Amino acid sequence: MDRIRIRGGKGLQGEVTIGGAKNAALPLLAATLLTREPCRLENLPDVQDVQTFCHLLGRFGVRIEQAEGRVAAVEAADLTGQQASYDLVRTMRASVLVLGPLLARSGRAVVSLPGGCAIGARPINLHLEGLRALGVSVSLRQGYVYATANGLRGADIFLDPMTVTGTENLMMAASLARGKTRIHNAAREPEVVQLADVLNSMGARVSGAGTDAIEVEGKKELGPFQERIIPDRIEAATYLVAGAITGGDVTLRGVCPAHLSAVTERLRAAGTKVSEGEDFLRVQGKRPICPMELRTAPYPGFPTDVQAQMMALMVLAEGTSVITETVFENRFLHAAELRRMGADISIQGNVAVVRGVSKLCGAEVMATDLRASACLVLAGLAAREETTINRVYHLDRGYERMEKKLSALGAEIERLR
C-alpha cells in the first residue's frame, strides 16, 4: 500500500483550487439512473469514490464518457442490470444511493449492504423504512437487500435520526412516485439542496430543500440535466486547517464561503485570521492557538467530517479543548495515532479532552478512515522531523492529489509507492 512521508515545520504559502464535492457528485451520478436521457456533469472530482461509483453504474449498463476539464456525459438509456454487488459496494457506503433510483425506474433492485469507513454503525434501516412507506417490498438475505415495487406512491416519512444519504435516496425514489411525498426531519446539507435543484431541472417538483421538511411531487418520467458540482466544503476546510496549523498564509479559490461558516467561525475562535470574498477564503495562521469547545452537528452545525482535522489543530493550542462528537459513535480513532506524535488526548465516550502541547514530533502512524487520514497529514505538516502515514488509500477516496496540492504550497511531502 502507498504511504505518505512528510517533513514538517514549514508554513504553507500560496493558493490552492478546491475541487468538486465528492458528497454532491455521488447522488448526482445516482440521479442519472432516473432518466433515459443523456446527462452532463461538470467539475466532477477525480477521487476514488467517484471512480468506484462510475464502475458501479457501468454494471447497470450506464454509459459514462469522461472528457477533459472534469466533465462527464452519462447516459442510462437501457438498464441491463439491477444488482450492486459486494465487490464494489463494500468499499463505499454511498453506493446505497442507487437503491432508490433503481426501484423508481425499474421496480427492482438487489444491493449489497454497504461498507466504507469504520466510524460507526451507520445502518441503512431508515432508507428501507422510507422505501417501504413508498410501497417497496424489502427483504434482507445473505448480506443483500432485495427490493421490488409495482409502482411507487407518495407517503409521509419521518427520519429519526436525520440521515443525508437517506434523505437523498428517498428524494430520488419519490421523484418518480405517484402523488406527493413529505420527508420530515430531512437533512439540510448543501449537497441535498443541489440534488433537489437537479431533480427540479429534470421535471420533478421538489420544495423545502435546505430545511428539515422536503416535499416531492413525483412525475411519470424525468428528463435530462446538466449541472456543475458545488465545491467540496470538506476539502476546503482541510486546507483551511492546514494553513492555520502551520502558521501559513493560504488562499482557497473556487469555494463557497457560506457553506463553511461553521468552520471559519471556529477557526477565528482559535485565533486564526480568516478573510473571504465571493468565491475565495484566505487563512493566516497565528500563534498562540486558542483552545475551544467544539461540538459536531448536522448542517448547518460544525461538520463531523472536519472534527479530526480540528483535533489536530487543538493539539497545539495553549490550554485545554473539549470536542464532543454527536454524529458518529466511533470517530476518535485518530486520537491514538496523534498520541504517538506527542499529543495529550483523553477520550470519555463521545467526548475528547485535548490538552495542548508545545510541539508534535514526527512518527510512523496509520490512517483508520478518510478524515483521520487528513488529520494525520495536518499533524505531520506541523510536526518536527519526519512523519510517515500508512494506509493512505483512505485519503484517495475523498481528496484529489492531496500531496501535490500541498507540495505546491511549500510542504515537503511525497508519496511512497
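Values below: all heavy atoms of this structure, side chains included; hydrogens, waters and symmetry mates excluded. If you're wondering where the values come from, they're calculated on a predicted model, not measured in any experiment.
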Report task. Would you sort out whether Glu42 and Arg70 count as a side-chain contact (heavy atoms from CB on, under 4.5 Å), showing the intermediate values? Result -> CA-CA 6 Å; Glu42 300 175 1; Arg70 309 247 185 315; over 6 Å; no
**Report entry** Separation between OG of Ser112 and CD of Gln142, rounded to the nearest 0.5 Å
**Finding:** 11.5 Å
Query raised in the report: Do Val192 and Val164 have side-chain heavy atoms sitting under 4.5 Å apart?
Result: yes
Query raised in the report: Crowded around Glu221 CD? As in, over 12 foreign heavy atoms under 6.0 Å?
Result: no
**Report entry** Side chains of Met402 and Val392 in contact at under 4.5 Å (non-hydrogen atoms)
**Finding:** no
Query raised in the report: Got a donor-acceptor contact below 3.5 angstrom from the Asp2 side chain to the Arg417 backbone?
Result: no
Requested in this report: Identify which one of Glu235, Glu15, Glu400 satisfies the salt bridge (charged side-chain N to carboxylate O under 4.0 Å, His left out) criterion when paired with Lys405.
Outcome: Glu235
Report summary line: Minimal heavy-atom distance between Ala147 and Val138, with the atoms involved, is CB-CG2, 4.3 Å
Report task. Verify, without hydrogens or angle tests, whether Glu364 (side chain) and Thr387 (backbone) share a donor-acceptor contact under 3.5 angstrom. Result -> no
Query raised in the report: Does Tyr86 OH have over 12 foreign heavy atoms under 6.0 Å away?
Result: no
Query raised in the report: Using 4.0 Å as the upper bound for N to carboxylate O, is an ion pair formed by Glu385 and Arg7?
Result: no
Query raised in the report: Got a salt bridge between Arg59 and Asp87, using NZ or NE/NH1/NH2 to carboxylate O under 4.0 Å?
Result: yes
Query - Arg401/Glu403 salt bridge by N-O under 4.0 Å criterion - result: no
**Report entry** Heavy-atom closest pair, residues Leu34 and Ser175
**Finding:** CD1-OG, 3.6 Å
Query raised in the report: Going by heavy atoms in the side chains, are Thr163 and His127 under 4.5 Å from each other?
Result: yes
Report task. Considering non-hydrogen atoms only, spot the tightest contact between Phe60 and Leu33 and give its length. Result -> CD1-CD2, 4.2 Å
Query raised in the report: Can you find a pair of side-chain heavy atoms, one from Asn125 and one from Leu128, that are under 4.5 Å apart?
Result: no
Query raised in the report: Is there a salt bridge (Lys or Arg N to Asp or Glu O under 4.0 Å) between Arg188 and Asp212 once you walk through the steps?
Result: CA-CA 6 Å; Arg188 295 181 283 173; Asp212 61 0; 5.9 Å; no
Query - Side-chain donor or acceptor of Ser201 paired with backbone N/O of Val198 under 3.5 Å - result: yes
Query raised in the report: Under 3.5 Å, is there a donor-acceptor pair between the side chain of Asn150 and the main chain of Gly107?
Result: no
**Report entry** Salt-bridge criterion met for Arg253 and Asp279 (N-O under 4.0 Å)
**Finding:** no
Report summary line: Closest non-hydrogen contact found for Asp49 with Leu26 is O-CD2, 3.8 Å
**Report entry** Pairing of Asp396 and Arg415 as salt bridge, 4.0 angstrom limit
**Finding:** yes
Query raised in the report: What pair of heavy atoms forms the shortest contact from Ile157 to Ala133, and how long is it?
Result: CG1-CB, 4.1 Å
Query raised in the report: Distance-only, no hydrogens or angles: does the Arg391 side chain make a donor-acceptor pair with backbone N or O of Ala367 under 3.5 Å?
Result: yes
Query raised in the report: Should the pair Arg36-Glu75 be classified as a salt bridge under the 4.0 Å nitrogen-to-oxygen rule?
Result: no
Query - No-hydrogen, no-angle side-chain donor-acceptor test under 3.5 Å, Asp46 and Gln51 - result: yes
Requested in this report: With side-chain contact (heavy atoms from CB on, under 4.5 Å) as the test, would you mind laying out the steps for Leu12 and Leu381 before giving the verdict?
Outcome: CA-CA 9 Å; Leu12 302 184; Leu381 292 173; 4.2 Å; yes
Query - Sidechain-backbone polar pair: Gln13 side chain, Leu409 backbone, donor-acceptor under 3.5 Å - result: no
Report summary line: Scanning both residues in full, the closest heavy-atom pair of Gly398 with Lys22 reads CA-CD, 3.9 Å
Query raised in the report: With the threshold set at 4.0 Å, does a side-chain nitrogen-carboxylate oxygen contact exist between Arg63 and Glu65?
Result: yes
**Report entry** Test item: Gln226 and Cys39 side chains (from C-beta on) under 4.5 Å apart, heavy atoms
**Finding:** no
Query - Reported CG-to-CG distance for the pair Leu360 and Leu316, which is rounded to 0.5 angstrom - result: 4.5 Å
**Report entry** Side-chain donor-acceptor contact under 3.5 Å, Arg371 with Tyr399
**Finding:** yes
Query - Identified side chain to side chain contact (heavy atoms under 4.5 Å, CB included) counterpart of Cys375 within the set Leu370, Leu338, Val306 - result: Leu338
Query raised in the report: Between the side chains of Ser139 and Arg141, is a donor N or O closer than 3.5 angstrom to an acceptor N or O?
Result: yes
Query raised in the report: Testing Arg331, Glu325, Arg295 for side-chain hydrogen bond (donor to acceptor under 3.5 Å, both in side chains) with Gln307, which one passes?
Result: Glu325
Query raised in the report: Can you tell me if Thr35 uses its side chain to pair, donor with acceptor, with the backbone of Leu222 under 3.5 Å?
Result: yes
Requested in this report: Drop me the distance from Lys404's NZ to Leu406's CG, to the nearest 0.5 angstrom.
Outcome: 13.0 Å
Requested in this report: Decide yes or no on side-chain contact (heavy atoms from CB on, under 4.5 Å) for Ile229 and Glu227, but give the supporting numbers first.
Outcome: CA-CA 6 Å; Ile229 295 166; Glu227 186 76 0; 5.8 Å; no
Report task. Apply side-chain contact (heavy atoms from CB on, under 4.5 Å) to Thr52 and Ser95, showing your working. Result -> CA-CA 9 Å; Thr52 300; Ser95 52; over 6 Å; no
Requested in this report: Using a strict 4.0 Å threshold on nitrogen-to-oxygen distance, state whether Glu215 and Lys180 make a salt bridge.
Outcome: yes
**Report entry** Beyond-backbone contact of Cys361 with Met341, side-chain heavy atoms, under 4.5 angstrom
**Finding:** no
Requested in this report: Look at the aromatic rings of Tyr144 and Tyr146 and report parallel, tilted or perpendicular, splitting at 30° and 60°.
Outcome: tilted
Query raised in the report: Between the main-chain N or O of Arg268 and the side-chain N or O of Thr272, is there a donor-acceptor pair closer than 3.5 Å?
Result: no
Query raised in the report: Which residue, Val263, Thr296, Leu260, forms the side chain to side chain contact (heavy atoms under 4.5 Å, CB included) with Pro303?
Result: Val263
Query raised in the report: Is a side-chain donor or acceptor of Arg228 paired with a backbone partner of Leu44 at a separation under 3.5 angstrom?
Result: no
Requested in this report: Measure from the side-chain N and O atoms of Asp305 to the backbone N and O of Ile234, and report whether any donor-acceptor pair falls under 3.5 Å.
Outcome: no
Query - Side chain to side chain, Ile389 and Val377, heavy atoms closer than 4.5 Å - result: yes
Query raised in the report: Tell me, do Glu412 and Ile6 make a side-chain contact under 4.5 Å, heavy atoms counted?
Result: no
